[in-house]
Amino acid sequence: MNRIFSGIQPSGNLHLGNYLGAMKNWVDLQNDYECIFCMVDMHAITVWQEPAALRAQTRELAAGMIAAGIDPEKNVLFVQSQVAAHAELAWVFNCVARMGWLNRMTQFKEKAGKNRENVSAGLFAYPCLMAADILVYKATHVPVGEDQKQHLEFTRDVAQKFNIDFGREVFPLPEPLIFGAATRVMSLRDGEKKMSKSDPSDYSRINMSDDADAIALKIRKAKTDPNPLPETAEGLEGRPEAANLLGIYAALTGKSLADAVAEAAGMAFADFKAKLADAAVAMLGPINAEMARLRQDPAYVDGILKRGGEKAAALAKPVLDEVYETVGFLRP
Ligand code: TYM
């Protein structure tokens, strides 16, 4: 049986990279799979979060997911900290994973930078919690953007070592699902940096909460190079900004990159940007309006998340029981 799990941090602005790289694919998957989607607030606090802002961002993220088309009745949509089994399995995985594996994680190296001695221990152990998120449901497939691929490999390593150490096939080895033209949406200010919630410049990203004027303005101001758009996809080589804008256009319109390039061949950036802005507004406008509506009804959103948490906890319980039994914990 196939089961999908994926997670997203409520650590700031939900942006076009999250939408095209992850959420849009989740919306498509819900028709074919049993899906569990989690707002990972416990991952968010691996770096400092203002408590009131974290709570507000968690609701805002849930509203964004519902507005984007994730059906909370058909899927399990919930908040990580409301299901204790994630933290409980993460502890077991802290004892399965090796320091050397964690030391190799590029996301930790990027986030810690020169500040290694002074970041939280949670930031270092982060991949163990992520492995627990996935494996506490015995999920088989995990849709993510490119940047999470290494964490998925880590999850497979943890599952495999657990199974071998205890001589039981407790966990499946989950597969990453990475698809679409926008597996890595880049910053609008620098085609070689990923679009991210933590970029200090708001012009680097299109937020799901941006209105039509803000979207058009950010696209107009996006960095480009002096040449017209290329005739073929090979012509994008060495032109990261052109490649990024065309990739975004392809993902927004559901076209292949080759078709998007053919459509824009030889255009001046200014003209192409107008087309891109129209496509972005057409896609995000209705989502934005629904988010605004849901923002007025926090009790409705909280109710959905509470029910989602109850469903998730019921799915996780037998798996955690099996793990505790396997590890040799004395059961009540
Ligand atoms: P997070 O919150 O940084 O991002 C959520 C999802 O959005 C994708 N994404 C992007 N895709 C394309 N281009 C971008 N610029 C871009 N930025 C973000 C991410 O790949 C991700 O799919 N560790 C995870 C959260 C997590 C998780 C999990 C994911 C925790 N537990 C279990 C899957 C399964 C994270 O920080 O994603």
Side-chain angles (χ1 to χ4, degrees), residues 3-26 29 35-47 49 54 57-58 60-61 64-65 68 70 78-81 83 86-87 89-90 93 105-108 110-111 122-123 125-156 158-159 174-199 204-208 240 243-244 247-248 250-252 312:
R3 181 181 273 174
I4 300 270
F5 181 93
S6 201
I8 182 165
Q9 296 194 54
S11 52
N13 290 313
L14 193 56
H15 57 73
L16 192 63
N18 298 133
Y19 179 65
L20 295 177
M23 275 165 53
K24 187 167 175 292
N25 304 321
W26 300 357
L29 287 165
C35 295
I36 306 171
F37 298 124
C38 182
M39 273 138 280
V40 293
D41 52 351
M42 289 160 66
H43 278 103
I45 63 161
T46 56
V47 298
Q49 303 292 333
L54 178 61
Q57 286 158 12
T58 305
E60 179 77 6
L61 177 56
M65 290 172 64
I70 291 171
F78 75 107
V79 180
Q80 187 183 33
S81 62
V83 180
H86 291 243
L89 184 58
F93 288 168
M105 294 294 116
T106 53
Q107 183 170 297
F108 175 75
E110 269 166 35
K111 287 203 172 167
L123 190 66
Y126 179 117
C128 290
L129 179 58
M130 181 158 160
D133 296 339
I134 297 165
L135 294 172
V136 84
Y137 302 103
K138 298 194 179 184
T140 55
H141 295 83
V142 184
V144 282
E146 277 285 332
D147 61 329
Q148 295 300 317
K149 219 170 143 184
Q150 193 187 32
H151 287 155
L152 249 293
E153 281 156 18
F154 177 94
T155 300
R156 291 167 61 88
V158 169
E175 301 281 347
L177 289 178
I178 299 177
F179 33 25
T183 55
R184 205 172 160 80
V185 176
M186 308 309 274
S187 158
L188 298 181
R189 307 301 291 165
D190 177 352
E192 292 181 300
K193 246 171 66 186
K194 102 176 162 177
M195 185 179 284
S196 135
K197 297 171 196 151
S198 51
D199 194 311
S204 70
R205 63 183 160 259
I206 293 173
N207 301 309
M208 304 277 289
N244 187 35
I248 293 174
L252 284 170

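Both counts, for ligands and for their atoms, begin at 1 and track the order of listing.
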- Does a side-chain heavy-atom distance below 4.5 Å link Leu14 with Ile8? yes
- Query: Are any non-hydrogen side-chain atoms of Asp133 and Thr155 less than 4.5 angstrom apart?
  - Reply: no
- Asp133: numbered ligand 1 atoms lying under 4.0 Å from its heavy atoms: 28 (C), 30 (C), 31 (N)
- Message: In this structure, does ligand 1 have an atom that sits under 4.0 Å from one of the heavy atoms of His15?
- Response: yes
- Message: A side-chain contact here means heavy atoms from C-beta on lying under 4.5 Å apart; do Glu60 and Pro10 qualify?
- Response: no
- Task: Check whether any N or O atom of Gln107, backbone or side chain, sits under 3.5 Å from an N or O atom of ligand 1, and answer yes or no.
- Result: no
- Side-chain heavy atoms of His86 within contact of Cys38, under 4.5 Å: yes
- Counting from 1 in the order shown, the ligand 1 atoms closer than 4.0 Å to a non-hydrogen atom of Ile134 are 32 (C), 34 (C)
- On the 0 to 90° scale, with breaks at 30° and 60°, tag the Trp26-Phe37 ring pair as parallel, tilted or perpendicular. parallel
- Query: Which of the atoms of ligand 1 are close to Ala22, meaning less than 4.0 Å from one of its heavy atoms?
  - Reply: 6 (C), 7 (O), 22 (O)
- Message: If you measure every N or O of Pro143 against every N or O of ligand 1, does any of those distances drop under 3.5 Å?
- Response: no
- Close side-chain approach of Val185 and Arg205, heavy atoms under 4.5 Å: no
- Mode of Leu129 contact toward ligand 1 - side chain, backbone, both, neither (heavy atoms, under 4.0 Å): neither
- Query: Do the side chains of Leu29 and Pro143 get nearer than 4.5 Å, heavy atoms only?
  - Reply: yes
- Query: Looking at ligand 1, does Lys197 have a heavy atom less than 4.0 Å from it?
  - Reply: yes
- Item | Gln107 side chain to Gln148 side chain, donor-acceptor N/O pair below 3.5 angstrom | yes
- Query: So which of Ala131, Pro174, Gly145 gets nearest to atom 8 (C) of ligand 1, if we judge by its closest heavy atom?
  - Reply: Gly145
- Item | Proximity to ligand 1 by part of Val142, non-hydrogen separation under 4.0 Å | side chain
- Message: Does only the side chain of Ile8 get under 4.0 Å from ligand 1, or the backbone, or both, or neither? Count heavy atoms.
- Response: both
- Task: Only heavy atoms count here, so choose which of Val185, Leu152, Asp199 is nearest to atom 14 (C) of ligand 1.
- Result: Val185
- Task: Go through ligand 1 atom by atom and flag the ones less than 4.0 Å from a non-hydrogen atom of Phe5.
- Result: 32 (C), 34 (C)
- Side chain, backbone, both or neither: which part of Arg184 comes within less than 4.0 Å of ligand 1 when only heavy atoms are counted? backbone
- Task: Determine whether Leu177 and Ile4 make a side-chain contact, defined as any pair of heavy atoms from C-beta on separated by less than 4.5 Å.
- Result: yes
- Any side-chain heavy-atom pair from Phe5 and Leu135 closer than 4.5 angstrom? no
- Nearest heavy atom to atom 33 (C) of ligand 1: which of Gly17, Ser11, Gly21, Gly7 does it belong to? Gly7
- What atoms in ligand 1 come closer than 4.0 Å to a heavy atom of Tyr126? 23 (N), 24 (C), 35 (C), 36 (O)
- Query: Going by the order shown, which atoms of ligand 1 are within less than 4.0 Å of some heavy atom of Asn18?
  - Reply: 4 (O), 5 (C), 7 (O), 9 (N), 17 (N), 18 (C)
- Item | Gln9 neighbourhood, listing ligand 1 atoms whose heavy-atom distance to it stays under 4.0 Å | 2 (O), 35 (C), 36 (O)
- Message: Please report the interatomic distance CD(Gln49) to NE2(His43), rounded to the nearest 0.5 Å.
- Response: 13.0 Å
- Does the side chain to side chain contact (heavy atoms under 4.5 Å, CB included) test come out yes or no for Lys149 and Val144, once each step is laid out? CA-CA 7 Å; Lys149 219 170 143 184; Val144 282; 6.0 Å; no
- Measure Asp147 to ligand 1 on non-hydrogen atoms and call it side chain, backbone, both or neither using the 4.0 Å cut-off. side chain
